[in-house]
Amino acid sequence: MDTFRNLFESVSVFSLEELPFVVIALILAFTVHEFAHAYVAYKFGDTTAKDQGRLTLNPVQHLDPFGTILILIAGFGWARPVPVMRSRFKNPRLAGILVSAAGPLSNFLIAFIAFGIFYFYVGVSGGGVPPFVVDLLQMIVELNILLFVFNLLPFPPLDGYRIIEDLSPPHVRAKLSQYEQYGILLFLILVITPLDQYTIWPFLQTGMNATGQAFSAIFGTIFSIFS
């Protein structure tokens, strides 16, 4: 869609005009992401998050003040991780995979829904929507696609790494655990230095663009059928 402003090239730099939309989009994305982890863990028998008040959509329980501020000024941040006790899972390996995947998939779902709303009101209905609504929907889509792709990267402590951990045989998992601290250090170096432009960022751009194009194709097909 020509009207869909593409911020994927520089989502780590926000103007003052964009800041309110970024804050709303981040609160929504982080809150639902962490709630999804807590909810799936609870369904598999781990009540740790529920016992600590994390099985909620209340943003206060999930946002990390420093991590949230940092993402606004540096493009990199975090929410409060949901506590998980694998020993309480009825099926630890399967539960671990699904709990880890729940967060990124929740961001994918938010982006998908917001894109559908945007596509209908801007691309199909011909507009008539207040500009701030359009800007907010765009930011929700873009940041949630970013978080979806970013969290699937195979670096600790991201969800993608946890999924690989649970998919690995025991002897490989033991090796991964042994060197995890070095993986975290490598990840931080790649994220906070200019090396990200040659390592992580190209993968993010490719994943985000592919996801956005898939959304456009899906909703384009849907609305062409019913129009």
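This is a predicted model, so every value here is computed, not measured. Values reported hereafter were calculated over all heavy atoms of this structure, with side chains retained and with hydrogens, waters and symmetry mates removed.
For Y182, the side-chain contact (heavy atoms from CB on, under 4.5 Å) test picks out Y179, with sequence neighbours left out. Residues that satisfy the side-chain hydrogen bond (donor to acceptor under 3.5 Å, both in side chains) test with T47, not counting sequence neighbours, are D51, R88. For F219, the ring pair (Phe, Tyr, Trp, His ring centres under 6.0 Å) test picks out F112, F115, with sequence neighbours left out. Residues meeting the side-chain hydrogen bond (donor to acceptor under 3.5 Å, both in side chains) test with E180, sequence neighbours left out: R162. With sequence neighbours left out, the ring pair (Phe, Tyr, Trp, His ring centres under 6.0 Å) criterion links F108 to F148, F215. Under the rule for a ring pair (Phe, Tyr, Trp, His ring centres under 6.0 Å), H62 has no partner lying at least two apart in sequence or in another chain. The side-chain contact (heavy atoms from CB on, under 4.5 Å) test applied to K43 returns Y39, not counting sequence neighbours. Listed by chain and number, the residues in a side-chain hydrogen bond (donor to acceptor under 3.5 Å, both in side chains) with N107 are H33, N144 (sequence neighbours excluded). For the salt bridge (Lys or Arg N to Asp or Glu O under 4.0 Å) test, residues two or more places apart in sequence or in another chain that qualify with R86 are D166.
The shortest non-hydrogen separation linking V149 to G207 is CG2-C, 3.8 Å. A pairwise comparison of heavy atoms in F150 and L158 identifies O-CD1, 3.3 Å as the closest pair. Considering every non-hydrogen atom in both A49 and V82, the closest pair reads CB-CG1, 3.6 Å.
Under the 4.5 Å side-chain contact rule for hydrophobic residues, V32 and V60 do not share a cluster. A chain of hydrophobic side-chain contacts below 4.5 Å, direct or via other Ile, Leu, Val, Met, Phe, Trp or Tyr residues, connects L143 to L109. Under the 4.5 Å side-chain heavy-atom criterion for grouping Ile, Leu, Val, Met, Phe, Trp and Tyr, Y42 is not connected to M85 through any hydrophobic cluster. Note on V40: it does not cluster hydrophobically with Y161, by side-chain heavy-atom contacts below 4.5 Å among ILVMFWY residues.
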Between D135 and E18, is the side-chain contact (heavy atoms from CB on, under 4.5 Å) condition met? List the steps. CA-CA 8 Å; D135 290 339; E18 292 171 330; over 6 Å; no
Using the rule given for side-chain contact (heavy atoms from CB on, under 4.5 Å), can you reason through E34 versus S106, listing the C-alpha separation, both sets of side-chain angles and the distance that settles it, and then say yes or no? CA-CA 9 Å; E34 298 303 330; S106 72; over 6 Å; no
T56/F35 under side-chain contact (heavy atoms from CB on, under 4.5 Å): CA gap, chis, key distance, verdict: CA-CA 6 Å; T56 176; F35 170 78; 5.5 Å; no
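Side chain of R80 to backbone of R54: no donor-acceptor contact under 3.5 angstrom is found.
In this structure, CG in D159 is found 11.5 Å from CD1 in I164, a value given to the nearest 0.5 Å. Distance CZ/F118 to CG/L136: 11.5 Å, rounded to 0.5 Å. Separating the CG atom in N58 from the CG atom in L63 is a distance of 9.0 Å, to the nearest 0.5 Å. One finds the CD1 atom of I140 at 12.0 Å from the CD1 atom of I145 (value rounded to the nearest 0.5 Å). How far CG of L167 is from CZ of R93: 7.0 Å, rounded to the nearest 0.5 Å. Remark: L176 CG to Q178 CD distance equals 10.0 Å, nearest 0.5 Å.
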Please tabulate, for the side chains in residues 94-103, all donor-acceptor contacts under 3.5 angstrom to protein atoms that are two or more places apart in sequence or on a different chain.
residue	atom	partner	partner atom	Å
S100	OG	G96	O	3.0

Donor-acceptor contacts under 3.5 Å from residues 22-31 side chains, at least two apart:
residue	atom	partner	partner atom	Å
T31	OG1	I27	O	2.6

List the atom pairs, donor and acceptor, that lie under 3.5 Å between side-chain atoms in residues 184-200 and the rest of the protein, sequence neighbours left out.
residue	atom	partner	partner atom	Å
T193	OG1	I189	O	2.5
T193	OG1	L195	N	3.3
T199	OG1	L195	O	2.8

